[in-house]
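One structure is given below, encoded as structure tokens.
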Amino acid sequence: MNSPFDKRIDPVKLRRQLAVYFIMGSINCGGKDPVIVLREAIAGGVTLFQFREKGTGALTGQAAYELARELQAVCREGGVPFIVNDDVEMAAALGADGIHVGQEDAPASSLRSKLGHSAIVGVSAHSVEEARRAIADGADYLGVGPMYPTPSKSDARPVQGPHLIQELRSHGITVPLVGIGGITPAKAPPVLSAGADGVSVISAISQAEEPGRAAAAFAALYGKAT
Ligand SMILES: Cc1ncc(COP(=O)(O)OP(=O)(O)O)c(N)n1
Ligand SMILES: Cc1ncsc1CCOP(=O)(O)O
Ligand SMILES: [Mg+2]
């Protein structure tokens, strides 16, 4: 008999998709067109994208929806899954591939009934306890951080460093994990060595002079973690 678990994303596939996880909204692109930034980043090797329209000056309402739709189309062209940050109604309306929620957002357990059993559900975790609860609530992957100081989130929790990923792994947490916060190609190897399956990145790609080259520098790390 089929259970809803049969429809959940295959963790092996998800680990590959988490490798170069680009997160961005209109305020992260230094005045450049987000559509062009995303197109270049995907050409460089981005494997997953999260639309995060948040912070001072971010678009709201219809304008945010329209940008989301355009970026989703770019992801479709590039064969990259499209994840929405925080907003489950937007994710459902767009038919997004998944959603990412934090500890202050809707609980993961409430999301699948709105998005379908095959949706990718990501949850932020800052401790073993939060990680265990998120997994029990149905998270497919965890976003763990901040690894390093970040210029992109004013209300970020204190920096924990790659050690937190090691701690989660040593407590038997085997679900796909991605590090977040201040990650550059130079700072990514300790995150991967600690046990992350990938890195999630805003500024190191969106603010790069050449987002495609920046994404390629992350993609080139795989197989080379120290
Ligand atoms: C992959 C990933 N990990 C963590 C976060 C942070 O989510 P959250 O704590 O809800 O903070 P906001 O991004 O909503 O400000 C994330 N977005 N993605
Ligand atoms: C959304 C988020 N959550 C924790 S740190 C962070 C911001 C990551 O952005 P950057 O890669 O520019 O540090
Ligand atoms: Mg959130």
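When a ligand or atom number is given, it counts from 1 through the structure's own listing order.
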Considering both backbone and side-chain atoms of Gly102, is one of its nitrogen or oxygen atoms within less than 3.5 Å of a nitrogen or oxygen in ligand 1?
yes
Is there a donor-acceptor pair under 3.5 Å between the side chain of Thr47 and the backbone N or O of Val20?
yes
Side chain, backbone, both or neither: which part of Lys153 comes within less than 4.0 Å of ligand 1 when only heavy atoms are counted?
side chain
Determine whether a donor-acceptor pair (N or O, by modelled atom type, separation under 3.5 Å) exists between the side chain of Asp105 and the backbone of Gly102.
yes
If you measure from CD1 on Ile135 to CG on Leu168, what distance do you get to the nearest 0.5 Å?
8.0 Å
What protein heavy atom sits nearest atom 7 (O) of ligand 1, and how far away is it?
Ser124 OG, 2.9 Å
Does any N or O of ligand 1 fall below 3.5 Å from an N or O anywhere on Glu104, backbone included?
no
Would you compute the distance between atom CG of Asp33 and atom CZ of Arg39 and round it to the nearest 0.5 angstrom?
8.5 Å
Would you call Glu53 and Arg69 a salt bridge, using N to O less than 4.0 angstrom?
no
Report yes if some N/O of Asp105 lies less than 3.5 Å from some N/O of ligand 1; otherwise report no.
yes
Give every pair formed by an N or O atom of ligand 2 and a protein N or O atom closer than 3.5 Å, one pair per line with both atom names and the distance to 0.1 Å, or write none.
from, atom 1, to, atom 2, distance (Å)
ligand 2, 9 (O), Thr150, OG1, 3.4
ligand 2, 9 (O), Ser152, OG, 3.4
ligand 2, 11 (O), Ile202, N, 2.9
ligand 2, 12 (O), Ser152, OG, 2.4
ligand 2, 12 (O), Ser203, N, 2.9
ligand 2, 12 (O), Ser203, OG, 2.6
ligand 2, 13 (O), Thr150, OG1, 2.6
ligand 2, 13 (O), Gly182, N, 2.6

Geometric N/O contact Ser200 with ligand 1, under 3.5 angstrom:
no
Short list, please: which atoms of ligand 1 are under 4.0 Å from a heavy atom of Arg52?
12 (P), 13 (O), 15 (O)
Considering the heavy atoms of Ile180, write down every atom of ligand 1 situated less than 4.0 Å from one of them.
2 (C), 3 (N), 4 (C), 5 (C), 16 (C), 18 (N)
Ligand 1 atoms nearer than 4.0 angstrom to some heavy atom of Gly143 are 3 (N)
Does ligand 1 come near enough to Gln50 that some N or O of the ligand is less than 3.5 Å from an N or O of the residue?
yes
Near the Mg ion (ligand 3), which protein N/O/S atoms are found at less than 2.8 Å?
Asp86 OD1, Asp105 OD2
Start with the C-alpha distance between Asp197 and Arg169, add both sets of side-chain angles, then the distance that settles salt bridge (charged side-chain N to carboxylate O under 4.0 Å, His left out), and finish with yes or no.
CA-CA 11 Å; Asp197 299 288; Arg169 291 305 190 204; 3.0 Å; yes
Mind checking the CG-CD spacing from Leu94 to Gln72? Nearest 0.5 Å is all I need.
5.0 Å
For residues 21-74, the ring-ring contact (aromatic ring centres under 6.0 Å, His included) pairs (sequence neighbours left out) are Tyr21-Tyr141, Phe22-Phe49
Check for a donor-acceptor pair, side chain of Asp140 on one end and backbone N or O of Gly122 on the other, with a separation under 3.5 Å.
no
Relative to the heavy atoms of Asp86, which atoms of ligand 1 are at a distance of less than 4.0 Å?
10 (O), 14 (O)
Near Tyr21, which atoms of ligand 1 are under 4.0 Å from a heavy atom of that residue?
1 (C)
Supply the atom-to-atom distance Lys32 NZ to Gln207 CD, rounded to the nearest 0.5 angstrom.
9.0 Å
Any link between Val35 and Ile27 through a network of hydrophobic side chains (Ile, Leu, Val, Met, Phe, Trp, Tyr) touching at under 4.5 Å?
no
State whether the shortest distance between N or O atoms of Asp155 and N or O atoms of ligand 1 falls below 3.5 angstrom.
no
Taking everything shown except Glu129 itself, do over 12 heavy atoms lie less than 6.0 Å from its CD?
no
Closest heavy-atom approach to atom 12 (P) of ligand 1 among Lys54, His126, His100 is made by Lys54
Ser26 side chain near Leu67 side chain, heavy-atom distance below 4.5 Å:
yes
Interatomic spacing from CD1 in Ile23 to CG in Asn28 - rounded to 0.5 Å
9.5 Å
List the residues meeting side chain to side chain contact (heavy atoms under 4.5 Å, CB included) with Ser124, not counting sequence neighbours, and say none if there are none.
His100, His126
So, the side chain of Arg112 versus the backbone of Ala119: is there a donor-acceptor pair under 3.5 Å, distance only?
yes
